[in-house]
Amino acid sequence: MTTKKRKPKSNFYKQLFQFGILFILAYLGIRLFFDKTFTADFEAYCPFGGLQALGSYLSRGSLACTMTGTQIIMGLLLAAGAMLFGKLFCGYICPIGTVSELIGKLGDRLKIRFTITGLADKLLRSLKYVLLFITFYFTLTSSELFCKTFDPYYALASGFNSDVVVLYAILTLTILLVGSLFVRLLWCKYLCPLGAISNIFRFFWFFLAVIGIFALLLAFDLNIHWIWPLGVVSVGGYILEIWKMKKVALSPVNITRSLDSCINCNICSKKCPQGIDVANMVKVTHIDCNLCGDCLTHCPEKNTLQINRKSWNWLPAAVLAVLLIIGFSLKSVWEIPTIDEKWGTPEEIEQSAVFSQSGLKNIKCFGSSAAFSAQMQKVKGVYGVATYVKRHEVKVWYNPAMLNDSMLQKIIFTPVKKIFKPVKREVGEILKVNVSLENFFDPMDAYYLQQLLLKYTNAVALQTEYSCPVLVSIYFPGDTILDLSELVTVLESKTLSYTINENEYNVNLNYEVITGPNTDTLQIDVYGKEMYVPTQARFNKYTSYKSEQISTFKVHMGENSKFKNELNYLISHISGEDGILALSTSLDDTGAEWVEIAYLDSLIQKVKVLEQMNSDSLYYTYRDGTEGAKANPFVFKED
């Protein structure tokens with residue numbers, strides 16, 4: 001008895017997801033280009049970033065980069081989907097996979113694409129496991145997503161931002177866009193680290209065994225570094241892939257072929273994007289199968305190719321939709337802190353109070369979170385902090401007998417003094433405008449306000465002072481005719497667009513003027529003193545010496561003041577001389593600026609210190625150890 005033939009039809013479920021994702025990404029890109037107030041987060045739901053962030057959290061107690069609980073949820077759901085059903089993300093959602101398929105089809109039409117087989121295929125598959133190991137290693141040791149340096153998707157979506165290593169990104173983009181034209185799914189099969197970890201999840205019994213043994217060893221207080229389980233799953237995943245390539249054990253959901261109705265037309269094998277020989281399998285358990293369904297929709301014989309011998313062609317798409325719904329639902333109720341550090345004793349933590357501060361725009365990644373933690377560890381009575389980059393919020397555990405919420409808010413607050421336009425002394429007077437702003441707190445707010453003022457006013461400077469709400473002073477040339485109501489309108493702008501180095505930025509604002517504006521007039525000398533920011537740098541174990549051991553001298557800053565933004569180079573340079581201990585600047589009663597040097601006359605003479613300060617070149621060292629040299633613009637003369 002023969003079954004009824006059917007005409008091949010398009011793979012609706014797969015195309016719905018694939019082109020839906022491409023449409024969303026295109027919409028975000030177009031809106032980002034035309035809507036100057038819109039900010040797109042192209043990695044908001046990245047499962048691979050989420051898995052790296054989870055690894056960083058488990059190994060270091062901190063989330064990588066700007067990752068949040070949302071990406072971790074998506075990573076866990078990807079793992080669950082791969083273990084129970086298959087590599088659904090690869091087959092339906094991944095934009096790199098979609099682009100690879102489309103380019104590959106062009107290669108087939110041009111008859112220039114081929115499939116790598118045999119030993120070469122098996123050897124090349126190791127590359128993605130090497131890249132997986134490298135990516136996780138550098139992410140877990142730095143809490144920064146290493147994949148951003150080379151990920152072709154992130155490079156394009158971010159416009160090659162500062163996280164991208166241009167050489168790496170161009171190389172991977174070339175492999176993706178050009179390589180896919182000639183080699184079947186070159187990126188996906190041989191280089192994609194997400195493909196590697198998805199394959200490891202397919203061998204979930206192996207993965208869970210390695211993680212279980214590692215956890216057991218830690219439970220017995222054996223200090224085993226995480227690099228060992230990472231290495232085992234990477235090497236073991238590769239071995240299992242080439243050993244069990246055509247037969248993944250314990251695979252609960254598979255494409256099945258009916259021998260009774262199959263007419264051996266080989267269409268299924270020809271249409272498989274992965275190049276799997278479906279026509280010669282009763283059950284498709286190949287490691288590359290991602291249940292995309294192309295073979296199902298192109299089979300001319302009804303009920304010949306099915307899922308688990310049932311007409312469940314819709315099942316992979318339905319499962320994927322359910323997983324996405326779960327992910328979107330959980331993201332609003334669960335957020336993991338970027339860092340959660342406690343340095344107090346268990347008793348101190350138990351008896352502590354918790355202070356929360358939101359709206360901290362400078363809490364935006366692991367680096368800024370770590371800097372905040374380091375700042376709070378210096379405060380007596382603070383026992384721990386947690387940061388949440390998604391909502392720009394911090395929590396602080398503190399001793400209520402020593403501190404209170406108001407004191408902590410003042411400690412967290414960073415006052416800002418910023419001159420953004422020079423004022424000639426001939427101006428004579430400066431107009432000072434004081435306002436108090438709600439929803440305004442951290443240095444990023446001061447930066448955004450600076451951009452607003454530069455765009456819409458002729459303001460020359462601003463400074464902020466702690467208060468509730470924050471007190472902001474804005475300075476204008478004395479001859480400015482200022483409409484205070486228009487200034488309020490500027491300060492309460494809801495959006496801001498500004499350009500830095502030909503890059504355009506768009507920010508949503510919510511500042512509200514509570515009191516003011518109140519005006520005052522200052523003499524230019526008073527303005528100079530009010531806005532002066534002294535420099536103080538101590539080095540070479542300054543605090544280890546008694547005051548009577550330290551000698552000092554002062555020199556006029558004079559014409560050197562115009563090079564003040566390069567003062568850090570001078571500080572780095574003179575700190576290389578063991579006998580020099582500190583450099584500071586100050587104003588005298590006349591408004592003249594002085595530089596004071598502290599040194600040990602037992603190690604270096606004053607004349608030698610001046611020689612160091614006036615040397616032809618400044619040799620400096622950055623925090624990461626990078627060294628450099630530049631011409632010395634400073635000329636100091638002994639008075």
Side-chain angles (χ1 to χ4, degrees), residues 36-37 39 355-364 368 371-372 375 387-396 404-421 423 430-478 480-500 505-522 526-527 530-533:
K36 303 307 180 184
T37 65
T39 301
F355 166 73
S356 296
Q357 175 71 49
S358 58
L360 299 176
K361 299 177 183 65
N362 60 329
I363 301 296
K364 54 188 178 181
S368 56
F372 174 77
Q375 173 193 353
T387 66
Y388 301 84
V389 300
K390 184 177 181 180
R391 57 179 188 260
H392 305 294
E393 182 179 343
V394 299
K395 290 184 178 179
V396 180
N404 57 44
D405 288 1
S406 179
M407 294 168 66
L408 281 169
Q409 193 173 44
K410 187 173 183 179
I411 291 169
I412 293 173
F413 179 80
T414 302
V416 172
K417 287 186 179 182
K418 184 65 177 178
I419 298 174
F420 36 89
K421 286 183 182 178
V423 180
I430 294 292
L431 177 62
K432 179 180 179 181
V433 180
N434 294 319
V435 296
S436 57
L437 291 181
E438 191 68 76
N439 304 318
F440 183 104
F441 191 82
D442 70 7
M444 286 304 298
D445 287 315
Y447 180 76
Y448 295 150
L449 180 57
Q450 174 188 337
Q451 298 302 322
L452 270 178
L453 294 171
L454 285 171
K455 188 171 185 177
Y456 296 111
T457 75
N458 67 332
V460 296
L462 68 84
Q463 73 166 312
T464 64
E465 181 181 338
Y466 176 74
S467 182
C468 279
V470 173
L471 177 65
V472 179
S473 298
I474 307 169
Y475 301 86
F476 298 85
T480 301
I481 301 175
L482 191 62
D483 186 323
L484 295 180
S485 62
E486 287 186 6
L487 178 61
V488 170
T489 301
V490 170
L491 297 177
E492 295 184 341
S493 298
K494 298 303 180 185
T495 60
L496 165 66
S497 298
Y498 62 96
T499 302
I500 301 293
Y505 299 90
N506 307 292
V507 183
N508 292 319
L509 305 174
N510 191 32
Y511 307 142
E512 181 181 356
V513 176
I514 303 300
T515 61
N518 302 312
T519 62
D520 192 11
T521 301
L522 306 177
V526 176
Y527 162 74
E530 193 166 300
M531 292 302 295
Y532 181 72
V533 179

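Residues: numbered from 1 along the sequence shown. Since this is a predicted model, take the numbers as computed values, not measurements.
When side chains are defined from C-beta on, Leu437 does not count as touching Val470, because their heavy atoms never get closer than 4.5 Å. Within the 4.5 Å cutoff, the side chain of Leu509 has no heavy atoms near those of the Asn439 side chain. Side-chain atoms of Leu452 and Ser493, non-hydrogen and from C-beta on, do get closer than 4.5 Å to each other. Within the 4.5 Å cutoff, side-chain heavy atoms of Ile430 are placed close to those of Tyr475. At least one side-chain heavy atom of Phe420 sits under 4.5 Å from a side-chain heavy atom of Gln450.
Under the 3.5 Å distance criterion, with hydrogens and angles disregarded, a donor-acceptor pair is assigned to the side chains of Asp483 and Ser485. Side-chain contact annotation: Asp442 with Thr414, donor-acceptor N/O pair under 3.5 Å absent. Gln357 and Glu393 share no donor-acceptor pair across their side chains, judged by distance under 3.5 Å alone.
Rounded to the nearest 0.5 angstrom, Ser356 OG and Tyr388 OH are separated by 8.0 Å. In this structure, NZ on Lys361 lies 13.5 Å from OG on Ser368, to the nearest 0.5 angstrom. The structure places OH of Tyr466 at 10.0 Å from CD1 of Ile411, a figure rounded to the nearest 0.5 Å. For the atom pair CG (Asn362) and CZ (Phe441), the distance works out to 9.5 Å, reported to the nearest 0.5 Å.
The aromatic rings of Tyr448 and Tyr498 sit tilted relative to each other, their planes meeting at an angle between 30° and 60°.
Look at Glu530 and Lys432 and you find a salt bridge, because one of the NZ, NE, NH1 or NH2 atoms lies within 4.0 Å of a carboxylate O, short of that distance.
Judged purely by atom type and a 3.5 angstrom limit, Gln409 has no side-chain atom pairing as donor or acceptor with the backbone of Ser467.
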